[in-house]
Protein chains: 2
Amino acid sequence: MGLTKTEMFTSEQNQLAQLLKAMAHPARIAILQRILVSNTCICGDLVEELGLAQATISQHLRELKSVGIIQGTIEGVSVCYCINPVTWKLLETQIGAFLGSYKLKADCC
Amino acid sequence: MGLTKTEMFTSEQNQLAQLLKAMAHPARIAILQRILVSNTCICGDLVEELGLAQATISQHLRELKSVGIIQGTIEGVSVCYCINPVTWKLLETQIGAFLGSYKLKADCC
DNA sequence: GAGAACAATCGTAATATTGCAATATAAATT
DNA sequence: AATTTATATTGCAATATTACGATTGTTCTC
């Protein structure tokens, strides 16, 4: 099939999965790290720095943008991308709650 | 292609991407949440509760196990799965550092 | 407006993922 | 040993992802 059965899960589960999936690629992690370092936005520098084709980088950027993790504004000839604070905060909250809900107990396998 | 160019990224980036990817599916999030709630491990209850075929659940469990997020021990006829504390701690550290490295500044796009 | 510079989109090939039926394997029970 | 119960594996079809060359849009500069 290759088609996730989203209707069987809660919207929270689907949303978290979607956000995680958007980050679950080394190139997209690298892109986000690059944005995190030079807080002020970037654009086609990524093509040189990551060693992937322009079309590929653009595709990864679109993926991050489509779930709202980053946002882009046209800055003359180039495009400036940066973190979307709202989604980032959501990510921190959701993942934090998820990971934080684990408490180690002795009686486990 | 469909083949990620892992050689272009650091092992940290690849590792984090792999862990995120393992969690980036609503069924696997649901499985983990189920384990987190009933700390003591589970097994084929998931098949009933999630409404997916047994083969599908087993496959998702294997995926989570293969990256070390969960671990399973044979408990008589059934198998008991639970969180692997070491990997979970690693996840918290890595994701925490990643998400936490963002500081909102005014001069952004 | 013509050209340059940058980024987005299209089209395509290779590979991966998702889901399930069917089958196989393993452990407990009779 | 045969049966039952629980899980894993295999094989397959449908769909998704990754990557890139080629092309198309945009915006700036001349």
Side-chain angles (χ1 to χ4, degrees), chain A residues 1-9 13-14 17-31 34-35 41-67 69-82 109, chain B residues 1-9 13-14 17-31 34-35 41-67 69-82 109:
Chain A
M1 311 221 152
L3 180 56
T4 300
K5 289 194 159 183
T6 53
E7 74 276 8
M8 322 213 77
F9 309 102
Q13 290 168 335
N14 283 316
Q18 192 182 39
L19 288 171
L20 290 174
K21 192 170 160 189
M23 297 197 303
H25 190 287
R28 293 196 288 274
I29 288 177
I31 289 173
R34 179 57 164 71
I35 298 182
C41 323
I42 322 127
C43 50
D45 307 325
L46 293 164
V47 178
E48 291 176 43
E49 292 176 27
L50 298 192
L52 292 174
Q54 185 267 318
T56 309
I57 297 287
S58 187
Q59 207 171 270
H60 283 305
L61 285 168
R62 182 171 56 174
E63 220 155 323
L64 288 170
K65 195 177 163 191
S66 77
V67 298
I69 295 181
I70 63 172
Q71 57 197 186
T73 44
I74 297 167
E75 195 93 3
V77 188
S78 54
V79 174
C80 169
Y81 285 102
C82 64
C109 33
Chain B
M1 312 222 155
L3 180 56
T4 300
K5 290 194 160 183
T6 52
E7 73 277 10
M8 323 213 77
F9 308 102
Q13 290 167 335
N14 283 315
Q18 192 183 40
L19 288 172
L20 290 174
K21 192 170 162 190
M23 296 196 304
H25 190 287
R28 293 196 288 274
I29 288 178
I31 288 173
R34 179 59 164 68
I35 297 182
C41 322
I42 322 126
C43 51
D45 308 324
L46 293 164
V47 178
E48 290 177 44
E49 292 177 26
L50 298 193
L52 292 173
Q54 185 266 320
T56 308
I57 298 287
S58 185
Q59 207 171 269
H60 283 305
L61 285 169
R62 183 171 56 173
E63 219 155 323
L64 288 169
K65 195 177 163 191
S66 76
V67 298
I69 294 180
I70 62 173
Q71 58 196 186
T73 43
I74 297 167
E75 196 93 3
V77 188
S78 55
V79 174
C80 168
Y81 285 102
C82 64
C109 33

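Each chain gets a letter, A, B and so on, in the order its sequence line appears, and its residues count up from 1.
- With sequence neighbours excluded, the residues that form a side chain to side chain contact (heavy atoms under 4.5 Å, CB included) with T4(B) are H25(A), P26(A), T6(B).
- Residues T73(B) and Q71(B) are not in side-chain contact: their nearest non-hydrogen atoms beyond the backbone lie 4.5 Å or more apart.
- Nearest approach of G72(B) to K65(B), heavy atoms of both residues: N-CE, 4.3 Å.
- Heavy atoms only, all atoms of each residue included: V67(B) and L19(B) are closest at O-CD2, 3.9 Å.
- Ranking dA16(D), dC20(C), dC20(D) by closeness to the K5(A) side chain, first place goes to dC20(C).
- We find that CG of L50(A) is positioned 15 Å from C1' of dT18(D), with the value rounded to whole Å.
- In this structure, A17(B) and I29(A) approach most closely via the heavy-atom pair N-CD1, 3.5 Å.
- Here R62(B) does not reach the OP1 or OP2 of dA8(D): none of its side-chain N or O atoms lies under 4.0 Å away.
- Look at CD1 on I29(B): it is 15 Å from C1' on dT18(C), rounded to the nearest Å.
- The separation between L3(A) atom CG and dC20(C) atom C1' is 13 Å, rounded to whole Å.
- Taking the side chain as every heavy atom from C-beta outward, L50(A) and H60(A) never approach each other to under 4.5 Å.
- Side-chain proximity of Y81(A) to dA8(C), dT18(D), dT7(D): nearest is dA8(C).
- Pairing each heavy atom of I35(A) with each of C82(A), the nearest pair is CG2-CA, 3.9 Å.
- A distance of 9.0 Å separates CD of Q59(B) from CZ of R28(B), quoted to the nearest 0.5 Å.
- The side chain to side chain contact (heavy atoms under 4.5 Å, CB included) test with Y81(A) is passed by exactly one of L61(A), I42(A), L64(A), L46(A): L61(A).
- The CD1-C1' distance, from I31(A) to dT18(D), rounds to 13 Å in whole Å.
- Panel note: side chain S66(A), backbone E63(A); a donor-acceptor pair is recorded below 3.5 Å.
- Residue K65(B) is classed as having no contact, given no heavy-atom separation below 4.0 Å to the nucleic acid.
- Map R28(A) and G44(B) each onto its nearest nucleotide of DNA chain D; the residue landing nearer the 5' end is G44(B).
- With rounding to whole Å, I70(A) atom CD1 is found 13 Å from dA8(C) atom C1'.
- Distance E63(A) CD to dT9(C) C1': 15 Å, rounded to the nearest Å.
- When the P atom of dT18(D) is taken as reference, atom CZ of F9(B) falls 11 Å away, rounded to whole Å.
- Close to dG19(C), at under 4.0 Å from its OP1 or OP2, lies a side-chain N or O of H25(B).
- For K21(B) and dT17(C), the shortest distance from a side-chain N or O to OP1 or OP2 is below 4.0 Å.
- The distance between atom CE of M23(B) and atom C1' of dT17(C), rounded to the nearest whole Å, is 18 Å.
- DNA chain D is contacted by A53(A), A55(A), T56(A), Q59(A), H60(A) of residues 53-61 of chain A, taking any non-hydrogen atom closer than 4.0 Å.
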ask   = Along nucleotides 25-30 of chain C, 5' to 3', which nucleotides get a B, which get an S, and which get a -, given that the test is a protein heavy-atom distance under 4.0 Å?
value = --SS--

